[in-house]
Every structure is written in structure tokens, then in C-alpha cells.
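Notes to accompany the following structure.
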Amino acid sequence: LEKGASATQVVGAITDVLTHSLVTLHRALDEIRNENSGWFESLMRKLSAPEFISCRADDIYELAGFSAPVVIGAFRKNTGGGVSEYLQKRRIECARRLLEVTCLQLTDIYEFLGYSSLSHFIKLFRKYEGMTPGEYRSRYGNSGLTSLTE
């Protein structure tokens, strides 16, 4: 800027510098994310382990080592849905398997999966499967099975 520049010129120059800095920072962050693109696949492998079946969204953010918006964006990009939706679908899938191959009580299943109440578990199960867990077990369960503790 020249000596004696107007306030408008000074503000314009500062705005240009800040805009350039933000664009440069954004590009650098994109490069870092691209370099670390394997983190999502690694996270998904970890989440497939049984000990993470009852984890919460906050646990996933911590496990990923990225902020919630970054993890949420990665889930939307890679799964088409959010973190909570992924967790719900995974729990319901596990519930289906448990109903098919065990004689575990519904109370044991919903507690294992990390649900806070039986009614909430039944409501979500019906949302995803179109029937209650009891109806699902009657239709698809193997009646010759015993409980896991016998």
C-alpha cells in the first residue's frame, strides 16, 4: 500500500491477505487428509471387533483421533450415512445374528448391544427389520439351539 492509503484500501488489502491465508490453510488441510486417507479404513477395521459393538459416537471420534466434523464427513462420504446410523445398523445386524443362532433373552441382547431400554431396542429393531425381535426369532431362529452359558 502507498503512504496515505484510504481506510477502504487498507481493509481491502487485509482482506486479500486473510483470504489468501485461509485458502492456503484449507489446501494444506486437504493434503494432510488425503495423506492420511487410510485412517478411515483402519477405523472401520477396529470397529468391526466385538468389543466395539456398544460404543457411542464420542468413542468413535476419540478412537479415530480426529474431530467430530472430520469423522462425520468421512462416514457420510464412505457409508452414505452418519456415525449414529452406522452404529444402529451394526447393532441391529448383530441382534439379528444373536436372535438367529442363540437362545439369549432379549434383555441380555439389548444390554450387550448397549441399548438403554428394551422398548427402545424393540422400536429400533422394528424400524430396521419391519418386525419385533420376538417375531424375527420365531421366523428365522434355530429352535434347536441352547443358550451360550449351557
Side-chain angles (χ1 to χ4, degrees), residues 11-150:
V11 170
I14 291 172
T15 302
D16 288 345
V17 169
L18 289 174
T19 301
H20 176 72
S21 298
L22 288 173
V23 168
T24 302
L25 179 60
H26 185 35
R27 286 181 182 147
L29 288 173
D30 281 346
E31 288 177 22
I32 290 169
R33 284 188 189 127
N34 289 338
E35 289 172 7
N36 294 321
S37 63
W39 71 267
F40 186 79
E41 291 78 18
S42 175
L43 174 65
M44 296 304 278
R45 279 192 300 277
K46 289 176 188 173
L47 291 176
S48 68
E51 62 266 24
F52 291 107
I53 193 67
S54 63
C55 72
R56 304 282 179 233
D58 287 341
D59 300 325
I60 291 179
Y61 308 145
E62 186 176 326
L63 186 63
F66 288 96
S67 67
V70 171
V71 176
I72 291 167
F75 265 85
R76 291 205 186 286
K77 178 182 175 187
N78 291 286
T79 70
V83 176
S84 295
E85 183 180 356
Y86 167 80
L87 291 172
Q88 290 301 338
K89 286 180 179 179
R90 185 164 182 266
R91 287 187 190 118
I92 295 301
E93 179 183 320
C94 184
R96 282 193 342 254
R97 281 185 263 138
L98 291 171
L99 291 166
E100 290 168 5
V101 301
T102 74
C103 291
L104 289 172
Q105 299 296 313
L106 288 182
T107 53
D108 295 328
I109 293 173
Y110 90 81
E111 287 174 356
F112 170 73
L113 296 174
Y115 289 104
S116 57
S117 72
L118 180 59
S119 62
H120 182 65
F121 168 63
I122 292 171
K123 179 181 174 182
L124 286 171
F125 193 93
R126 184 179 307 190
K127 174 184 171 185
Y128 286 99
E129 297 302 320
M131 64 184 82
T132 67
E135 292 168 337
Y136 187 91
R137 176 172 270 162
S138 294
R139 187 174 293 175
Y140 301 108
N142 187 338
S143 60
L145 296 175
T146 59
S147 71
L148 296 177
T149 58
E150 293 181 358

Over all heavy atoms of both residues, which pair between [X] and [Y] is shortest? Give the atoms and the distance, please.
{"X": "Leu63", "Y": "Phe52", "result": "CD2-CE2, 3.9 Å"}
{"X": "Ile109", "Y": "Arg137", "result": "CD1-NH2, 3.9 Å"}
{"X": "Cys94", "Y": "Ile53", "result": "CB-CD1, 3.9 Å"}

**Report entry** side-chain hydrogen bond (donor to acceptor under 3.5 Å, both in side chains) partners of residues 108-120, not counting sequence neighbours, each pair once
**Finding:** Gln88-Tyr115, Ser117-Ser119
For [X], which residues count as a side-chain contact (heavy atoms from CB on, under 4.5 Å) partner, sequence neighbours excluded?
{"X": "Ser67", "answer": "Pro69, Val70"}
{"X": "Ser42", "answer": "Arg45, Lys46"}
{"X": "Ala64", "answer": "Trp39, Leu43, Phe66, Val71"}
{"X": "Arg56", "answer": "Asp59, Arg91"}

Query raised in the report: Does anything in residues 67-97 pair up under ring-ring contact (aromatic ring centres under 6.0 Å, His included), and if so which pairs, sequence neighbours excluded?
Result: Phe40-Phe75, Phe75-Tyr86
Query raised in the report: What residues, two or more places apart in sequence or in another chain, satisfy side-chain hydrogen bond (donor to acceptor under 3.5 Å, both in side chains) together with Lys89?
Result: Glu85
Query raised in the report: Any side-chain heavy-atom pair from Leu47 and Leu87 closer than 4.5 angstrom?
Result: no
Query - Residue pairs involving residues 65-75 (criterion salt bridge (charged side-chain N to carboxylate O under 4.0 Å, His left out); sequence neighbours excluded) - result: none
Report task. Would you please name every residue forming a ring pair (Phe, Tyr, Trp, His ring centres under 6.0 Å) with Tyr140, sequence neighbours left out? Result -> Tyr136
Please tabulate, for the side chains in residues 125-133, all donor-acceptor contacts under 3.5 angstrom to protein atoms that are two or more places apart in sequence or on a different chain.
unit_1: Glu129; atom_1: OE2; unit_2: Arg96; atom_2: NH1; d: 3.3
unit_1: Thr132; atom_1: OG1; unit_2: Glu135; atom_2: N; d: 3.1
unit_1: Thr132; atom_1: OG1; unit_2: Glu135; atom_2: OE1; d: 3.4

**Report entry** Residues forming a salt bridge (charged side-chain N to carboxylate O under 4.0 Å, His left out) with Glu93, sequence neighbours excluded
**Finding:** Arg97
